[in-house]
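Here's the structure we're looking at; comments come further down.
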Protein chains: 2
Amino acid sequence: MDTKDTPWEPLGQGKVTDRIAQQILLLIAREQLRPGDRLPAERELATVLEVSRPSLREAVRSLQAQGHLEVRHGSGVFVAEPHTVRELRAAVLQQQLSLDELFAMREVLELPAAVWAAERRDADKLDAVRGAYEALVAAAEEPDIDLQRLRALDTAFHLSIVDAAGNRFLEQTAGVLHDMLAAGMRTTMWVPGRLETSQREHERILVALLAGDAAAARRAARRHIRAAHIAGLSRIEAT
Amino acid sequence: MDTKDTPWEPLGQGKVTDRIAQQILLLIAREQLRPGDRLPAERELATVLEVSRPSLREAVRSLQAQGHLEVRHGSGVFVAEPHTVRELRAAVLQQQLSLDELFAMREVLELPAAVWAAERRDADKLDAVRGAYEALVAAAEEPDIDLQRLRALDTAFHLSIVDAAGNRFLEQTAGVLHDMLAAGMRTTMWVPGRLETSQREHERILVALLAGDAAAARRAARRHIRAAHIAGLSRIEAT
DNA sequence: CCTCCTCCTGTGGTCTGACCTCTGGCCGAA
DNA sequence: TTCGGCCAGAGGTCAGACCACAGGAGGAGG
């Protein structure tokens, strides 16, 4: 019956441990703590937050696993380097799916997508594809190129094709795949000359789709994905 | 004083909590636990591993933060689904997908799977496929046929092929697809004569895989999926 | 006989308080 | 001044108890 609204909804709910984790993140933000800075001792923190030490330790473990904290026996708990955060997240998030597996799946999903999109001839959806293509071209011709934005537009172009294929399961699957890809290739970087080549390949795909030529669309899509795969690999090796 | 060689050096060092985390991952691998399966209770696990419950819980927290485990209050600790699967399922669950879309995706996913499985020639995985086939045949020959069980074995057969293809993204995606399919065709029912036909088609796929004939495997898989599609449709219309 | 509600059991969630181990600085001896 | 050991404070681990939730078994009522 005391379903009354608790006055402090922002953190008032959920398991104690999770609340502690949020509190610690808040603490770091509020105190402007930088990577390498030390947090209060476990016992002290537990006292301040009015929780037991085991609960606090679970929260710390959780944040450590997420890469936010670093624990040194005998010394204390420290704010971790954000650099480590990203590596950890990338490795964990995609559970080590290799680029080869991901690009193989691009072929599996996007070649049928191109074929279906060409066959269906859905005017509205194909217009959307054309719009995505034009946005991508426009962004690539600007003076100072925003690689981050370019990647997003590239993804949008390919997903617009998948959308035009008219299969919602395919659409969702391709969306997740591109998320993985984006996470795996976080450091946006293009092999020299890749940008122009890529645009030509995109154009070929678009033309084939608008012409309703399924076979040509399939070929163009395959050519593009394989080139992108190779470019992705060379980027890795260059690291 | 027991600095002596512990029988399991690979994990003998480092903090207890971290060792526990590794042990749990090993346990999942060794016991072939799949997403959704339950782990032993915390108290039991702590006893077996000869550690205290707080330490065990810290390890679980850590694995939970990394997405390997899912903890449900009052129910137990479970192996979590990979992020890809979780996202896809959440996205797909919302929409009412048609049988046509689902079966179209079966072709998209399972034809490449058959090709790859035939090309890789992974003896262990192909043995698993053979095992799944034999289990399916055995179940179909029993006097009183359990349609529910038959469907599960049929799914297991097809997923074993996908597994033999060696692409984890494909594996996870196909898993979700078959779940959707099972949900969409809840009332298990077979068109008269479909059972025997289906078994023949399965056999063809299996033979092609064992022979390493990728083209034949692809043809056999396509034939089977299309036949299953038609059977599924006729069932709907008969309603 | 069936249905609904209650209660019980098992499981995770949290707490208390104790002891061990490591790190790093203080401080006395050489 | 330098080197060494000492020790306070930090995290690491443990034991046992009790709380809160989920789900099924079993009894009460229809």
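Because the structure is predicted, anything quoted here is derived from the model rather than measured. We name chains A, B, ... by the order of the sequence lines, and we start the count at 1 in each one.
- Of the two residues contacting DNA chain D, namely P54(A) and G76(A), the nearest-nucleotide position lying further toward the 5' end is that of G76(A).
- Of the inter-residue distances, the one linking R200(B) atom CZ with L195(B) atom CG reads 10.5 Å to the nearest 0.5 angstrom.
- Panel note: side chain T173(A), backbone F169(A); a donor-acceptor pair is recorded below 3.5 Å.
- R53(B) comes within 4.0 angstrom of a nucleotide base, judged by non-hydrogen atoms across all strands.
- The backbone N or O of E58(A) lies less than 3.5 Å from no partner atom in the side chain of S62(A), so there is not a single donor-acceptor pair.
- A donor atom on one side chain and an acceptor atom on the other are found under 3.5 Å apart for E101(B) and S98(B).
- Whole-Å rounding puts the L56(B) CG to dC14(D) C1' distance at 13 Å.
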At a cut-off of 3.5 Å, list every protein nitrogen or oxygen paired with a nitrogen or oxygen from nucleotides 20-23 of chain D, distance to 0.1 Å.
| residue | atom | partner | partner atom | Å |
| --- | --- | --- | --- | --- |
| dA20(D) | N3 | H73(B) | NE2 | 3.1 |
| dA22(D) | O3' | S75(B) | OG | 3.4 |

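- Residue F78(A) contributes atom CZ, which lies 12 Å from atom P of dT23(C) at whole-angstrom precision.
- Atom CZ of R223(B) sits in a sparse spot, with 12 or fewer heavy atoms from other residues, nucleotides or ligands closer than 6.0 Å.
- D100(B) meets the salt bridge (charged side-chain N to carboxylate O under 4.0 Å, His left out) test with no other residue; sequence neighbours excluded.
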Which donor-acceptor pairs under 3.5 Å do the side chains of residues 123-141 of chain B make with protein atoms, sequence neighbours left out?
| residue | atom | partner | partner atom | Å |
| --- | --- | --- | --- | --- |
| D127(B) | OD1 | R130(B) | NH2 | 3.3 |

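- Surrounding CZ of R204(B) are at most 12 heavy atoms belonging to other residues, nucleotides or ligands under 6.0 Å away.
- OP1 or OP2 of dC15(C) has at least one side-chain nitrogen or oxygen of S55(A) nearer than 4.0 Å.
- In this structure, the CD atom of E58(B) is 14 Å from the C1' atom of dG13(C), given to the nearest Å.
- Under the salt bridge (charged side-chain N to carboxylate O under 4.0 Å, His left out) criterion, D179(B) pairs with R89(B), not counting sequence neighbours.
- At the heavy-atom level, R57(B) lies under 4.0 Å from base atoms of the strands shown.
- S55(B) contributes no side-chain N or O that, together with a main-chain N or O of V51(B), makes up a donor-acceptor pair within less than 3.5 Å.
- A donor-acceptor contact shorter than 3.5 Å is absent between the side chain of S198(B) and the backbone of R194(B).
- For the pair R61(B) CZ and dT13(D) C1', the computed distance is 19 Å after rounding to whole Å.
- Of the residues in residues 38-52 of chain A, those lying under 4.0 Å from DNA chain D by heavy-atom distance are R38(A), A41(A), E42(A), R43(A).
- Over its full length, the helix from dC1(C)-dG30(D) to dA30(C)-dT1(D) turns its helical axis through 0°, comparing axes from the five pairs at each end and rounding to 10°.
- Here the C1' atom of nucleotide dT14(C) and the CG atom of D18(A) are 13 Å apart, to the nearest Å.
- Per the geometry, CG belonging to L63(B) stands 16 Å off C1' belonging to dG12(C), to the nearest Å.
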